[in-house]
Amino acid sequence: MAAPKVAVVGAGVIGLSTALCIVETQPSCSVTVLSDQFSPNTTSDVAAGMLIPHTYPGTPIPVQKQWFRETFTYLFAISNSAEASEAGVHLVSGWQVFKNTPKEELPFWSDIVLGFRPMSEAELQKFPQHRFGQAFMTLKCDCPPYLLWLEKRLKATGVQMCTRKVADLWELHREYNVVVNCTGIGAHQLVGDEKLFPVRGQVLKVHAPWVKNFIREGDGLTYIYPGIHKVTLGGTREKENWNLSPDPGITKGIFDRCCSLEPSLQGAQDIQVKVGLRPSRQCVRVHKEVLSQGGVKLPVVHNYGHGAGGFSIHMGTAKEAARLVEECIAALQGSSSRAKL
Ligand code: FAD
């Protein structure tokens, strides 16, 4: 069999990281990324990019933990390299604060982030409305720079990037041996996944270079995440809302909530408003299937539905999707050598 041709559909953090894992694990493949949008026009560009996992009720916790660990390890190495600045990956310390002590004082990811511990009384004095808190250090990806860095790495390995909207995965069967579906919320229409729904998120990106520590309310609704150049203020979670237009009332609400956590943000400047649709599902869909029409088969690997936590687990799911692609290629090579006998 000639070099297997793999199409990865989607150029958000999931598509780009999956394409990278495929070229790294199977260098004999020819990989193309097809997408109707690239950075800076994807949901992934809107994200804060913090590595604090979201919990997927339908995915076993040990699996989620493994995905988070793989992603943390991968990005920690980048943060300790000369690539860190270009890749927009950095360590950040801060606090997750609660008005009431949570039932689960040790989240499943507490031994993966660095230095996880309960906040001291002295630290809690900064947050007079809160009674409990956790301090830790985690990683953050600054989103457009990280996506551009992934694109640059892919191009350096010879991966083609093509702007193309795919109406039906089957349309790719003549050109490619394996198709990988990383279309985020686009999978709702592309593969008719009714279990996938948008959770609208609005954030502000502001200039406030004196803010160095992250602050997050335990329910995840209000957060202040400092990046290399901008601080992300959030947020909202509106289930089944497809509206991509910023809402000025919500902007004011986010700003006021964040100022009540960190009053110095009153001096923030250059406020930009962004909206994205989290591709949400009970469980992330990392799954292999074989499409078939008139006796012709097309292996497809799905990798979508990362909801509010795509950055936190992207390398873990990318590695798993790449293993599934490897299985598809092994099966194709097996059937092509049997056909020659
Ligand atoms: P996308 O980035 O949407 O990429 C999908 C790609 O598929 C796009 O390139 C699109 O153009 C392409 N596509 C879709 N349909 C088609 C088609 N038919 N044909 C061709 N191409 C197609 N996660 C974290 O871990 N930490 C955070 O701090 C965080 N903050 C967030 C804040 C906000 C406000 C939002 C909205 C999300 C946040 N997230 C965060 C979640 C994270 O952004 C998502 O989980 C992640 O971006 C999903 O990536 P994706 O590649 O699946 O989707």
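Heavy-atom basis, side chains included; hydrogens, waters and symmetry copies ignored. Every number for a ligand or one of its atoms is a count from 1 in the order of the listing.
The hydrophobic cluster around Val290 extends to none of the other residues, as no ILVMFWY side-chain heavy atom falls under 4.5 Å of it.
With a 4.5 Å cut-off on side-chain heavy atoms, Gln64 and Thr55 count as touching. A 4.5 Å side-chain heavy-atom check between Val296 and Trp170 finds at least one atom pair inside the cut-off. Contact annotation: the side chain of Gln26 approaches that of Val325 to within less than 4.5 Å [non-hydrogen atoms, C-beta and beyond]. You'll find the side chain of Asp36 stays beyond 4.5 Å of the side chain of Arg164, heavy atoms only. Within the 4.5 Å cutoff, side-chain heavy atoms of Gln129 are placed close to those of Lys99. Contact annotation: the side chain of His207 approaches that of Pro209 to within less than 4.5 Å [non-hydrogen atoms, C-beta and beyond]. Between Asn213 and Val92 the shortest side-chain heavy-atom distance does not fall below 4.5 Å. Asn181 is not listed as a side-chain neighbour of Val301, based on a closest heavy-atom distance of 4.5 Å or more.
Closest to atom 30 (N) of ligand 1 among all protein heavy atoms lies Ala48 N, 3.2 Å. Among protein heavy atoms, the minimum distance from atom 47 (O) of ligand 1 is reached at Ser44 OG, 2.8 Å. The single protein non-hydrogen atom nearest to atom 18 (N) of ligand 1 is Val166 O, 2.9 Å, given as residue, atom name and distance. Atom 16 (C) of ligand 1 has its closest protein heavy atom at Thr183 CG2, 3.7 Å. Nearest protein heavy-atom contact of atom 23 (N) of ligand 1 is Ala308 O, 3.0 Å. The nearest protein atom to atom 50 (P) of ligand 1, hydrogens excluded, is given as Ile14 CG1, 3.6 Å; this is a heavy-atom distance. Among protein heavy atoms, atom 43 (O) of ligand 1 sits closest to Ala47 CB, 3.2 Å.
Near His306, meaning under 4.0 Å from one of its heavy atoms, ligand 1 places the atoms 45 (O). Of all atoms in ligand 1, listed by their number and element, those nearer than 4.0 Å to a heavy atom of Thr43 are 1 (P), 2 (O), 3 (O). Residue contact check: Gly276 has heavy atoms under 4.0 Å from atoms 36 (C) of ligand 1. Using a 4.0 Å cut-off to heavy atoms of Arg278, the atoms of ligand 1 that qualify are 33 (C), 34 (C), 35 (C), 36 (C), 37 (C). Residue contact check: Met50 has heavy atoms under 4.0 Å from atoms 24 (C), 25 (O), 26 (N), 27 (C), 28 (O) of ligand 1. Atoms of ligand 1 lying under 4.0 Å from any heavy atom of Val13, numbered from 1 in the order shown and given with element: 49 (O), 51 (O). Within the listing of ligand 1, atoms 14 (C), 15 (N) sit less than 4.0 angstrom from a heavy atom of Gly186. Counting the atoms of ligand 1 from 1 in the order shown, those under 4.0 Å from a heavy atom of Lys165 are 19 (N), 20 (C).
Checked against the 6.0 Å centroid criterion, the rings of Phe98 and Phe127 do not qualify as a close aromatic pair.
Residues passing the salt bridge (charged side-chain N to carboxylate O under 4.0 Å, His left out) test with Arg131, sequence neighbours excluded: none.
Within the structure, the closest approach of Arg164 to ligand 1 falls below 4.0 Å when heavy atoms are considered. Contact between Cys182 and ligand 1 is present, with at least one heavy atom of the residue lying under 4.0 Å from the ligand.
With a 4.0 Å heavy-atom cut-off, ligand 1 is reached by no atom of Lys274. Residue Val9 touches ligand 1 through its side chain alone, judged by heavy-atom distances below 4.0 Å. Neither the backbone nor the side chain of Ala167 has any atom closer than 4.0 Å to an atom of ligand 1 (non-hydrogen atoms only). With a 4.0 Å cut-off on non-hydrogen atoms, Val203 touches ligand 1 through its side chain and not its backbone.
Judged by distance alone, with hydrogens and angles left aside, the side-chain atoms of Glu217 form no donor-acceptor pair with the main-chain N or O of Tyr223 at under 3.5 Å.
Salt-bridge check for Asp270 with Lys230: passed, with a basic side-chain N closer than 4.0 Å to an acidic carboxylate O.
Between Thr222 atom OG1 and Ile215 atom CD1 the span is 11.0 Å, to the nearest 0.5 Å. We find the CZ-CD1 distance between Arg216 and Ile52 to be 5.0 Å, quoted to the nearest 0.5 Å.
Here atom 42 (C) of ligand 1 lies nearest to Gly307 when heavy atoms of Ser17, Gly307, Ser39, Gly49 are compared. Selection from Asp168, Thr236, Asp36 by nearest heavy atom to atom 11 (O) of ligand 1 gives Asp36. Nearest-heavy-atom check against atom 53 (O) of ligand 1 across Gly184, Pro53, Gly10 picks out Gly184.
Between Tyr223 and ligand 1, not a single N/O pair is under 3.5 Å apart. Geometrically, ligand 1 and Ser35 share a nitrogen or oxygen pair separated by less than 3.5 Å. Considering backbone and side-chain atoms together, Gly310 places an N or O closer than 3.5 Å to an N or O of ligand 1. The shortest N/O to N/O separation between Leu277 and ligand 1 does not fall below 3.5 Å. For Ala11, a nitrogen or oxygen atom sits less than 3.5 Å from a nitrogen or oxygen atom of ligand 1, counting backbone and side chain alike.
Within a 6.0 Å sphere centred on CZ of Arg174, other residues, nucleotides and ligands contribute 12 heavy atoms or fewer.
Put simply, Leu114 and Trp95 are part of two different groups of oily side chains (I, L, V, M, F, W, Y) that touch within less than 4.5 Å, one to the next.
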